[in-house]
Amino acid sequence: MDQSFRKIEKLKGQKLIEKLFSEGQSVAAYPLRLVYLKTNFDDPVKIKTGVSVSKRNFKKAVDRNRIKRLMREAYRLNKSEYFNNIPDQYAFMILYIGKTQTDFETVSKKMKTLMDAFLKQQSLPKT
């Protein structure tokens, strides 16, 4: 798995996202929460990921977009370390549940904690 976050890896489609939130499981590492669902895609990717920041907590779009950028970058840099040898396909939605602005170091550290928690919950080895 390379360190890019291509269009094919992005979680899209209302039906899949609704199914993810209705049937999926979650792990949390405050201020991040990961909702995941084991599924099958037509595309040859292991994981499709989306990020979300609540409009309730961040009224200004620039604040929400900045946090989403930080989350996507932290995911992009760490995904190959954690998900190289994952056997199944998953849909991920990473949510920012904090109420204050953050910096990249915090997001990156919590993203690693979140991925560790996911692998531990699924009993998968870290690559």
Side-chain angles (χ1 to χ4, degrees):
M1 193 176 273
D2 58 357
Q3 283 195 334
S4 64
F5 190 46
R6 301 179 319 235
K7 184 176 181 178
I8 197 170
E9 297 174 29
K10 295 185 177 159
L11 181 64
K12 297 180 181 177
Q14 187 175 356
K15 287 181 183 177
L16 181 57
I17 293 172
E18 285 175 359
K19 185 176 178 184
L20 173 67
F21 281 107
S22 64
E23 300 175 19
Q25 298 174 308
S26 70
V27 293
Y30 188 83
L32 300 178
R33 182 171 155 234
L34 171 68
V35 180
Y36 63 92
L37 180 67
K38 190 184 219 179
T39 186
N40 290 317
F41 307 120
D42 297 332
D43 304 322
V45 294
K46 295 284 186 181
I47 298 171
K48 287 197 176 206
T49 306
V51 295
S52 179
V53 179
S54 173
K55 193 173 184 178
R56 177 183 292 172
N57 296 336
F58 297 95
K59 303 292 185 209
K60 296 181 181 175
V62 292
D63 295 336
R64 292 192 303 274
N65 291 340
R66 179 179 178 276
I67 293 171
K68 287 192 283 189
R69 255 194 335 269
L70 294 176
M71 290 170 28
R72 279 192 297 266
E73 183 68 3
Y75 171 78
R76 182 188 72 81
L77 292 173
N78 293 310
K79 72 175 182 170
S80 62
E81 180 181 340
Y82 287 90
F83 304 126
N84 245 352
N85 296 326
I86 197 164
D88 302 309
Q89 291 181 323
Y90 288 92
F92 282 1
M93 180 63 80
I94 304 169
L95 308 165
Y96 187 83
I97 56 175
K99 296 189 183 334
T100 58
Q101 282 286 352
T102 187
D103 58 348
F104 180 72
E105 290 78 29
T106 305
V107 172
S108 183
K109 186 173 83 172
K110 293 300 182 173
M111 187 69 70
K112 289 178 184 179
T113 306
L114 194 65
M115 291 177 181
D116 281 331
F118 166 74
L119 291 177
K120 186 177 179 182
Q121 194 171 46
Q122 294 297 304
S123 302
L124 298 170
K126 182 179 173 184
T127 56

### Query
Who pairs with F5 by ring pair (Phe, Tyr, Trp, His ring centres under 6.0 Å), at least two apart in sequence or on another chain?
Y75
### Message
I need the minimum non-hydrogen distance between A91 and T39, along with the two atoms involved.
### Response
N-CG2, 4.0 Å
### Query
Would a distance-only check, ignoring hydrogens and angles, find a side-chain to backbone donor-acceptor pair under 3.5 Å from K46 to I86?
yes
### Query
Has the side chain of R66 got a donor or acceptor atom that lies under 3.5 Å from a matching backbone atom of T102?
yes
### Task
Answer with yes or no whether the hydrophobic clustering places F104 together with V51; edges join I, L, V, M, F, W, Y residues whose side-chain heavy atoms lie under 4.5 Å apart.
yes
### Query
Is I94 close to M111 at the side-chain level, that is, under 4.5 Å between some pair of heavy atoms?
yes
### Task
Could you give me the CA-CA distance, side-chain angles and deciding distance for K112 and M115, then say whether side chain to side chain contact (heavy atoms under 4.5 Å, CB included) is met?
CA-CA 5 Å; K112 289 178 184 179; M115 291 177 181; 5.9 Å; no
### Query
Quick one: do E18 and K15 make a salt bridge, cutoff under 4.0 Å?
no
### Task
Indicate yes or no: at least one non-hydrogen side-chain atom of Y96 is less than 4.5 angstrom from one of L32.
yes
#### Entry: Validation row: E9, I47 side chains within 4.5 angstrom (heavy atoms)
no
### Query
Do K48 and F41 meet the cation-pi criteria used here (NZ or CZ under 6.0 Å from the six-membered ring centre, within 45° of the axis)?
yes
### Query
Between F118 and F92, how do the two ring planes meet: parallel, tilted or perpendicular, split at 30° and 60°?
perpendicular
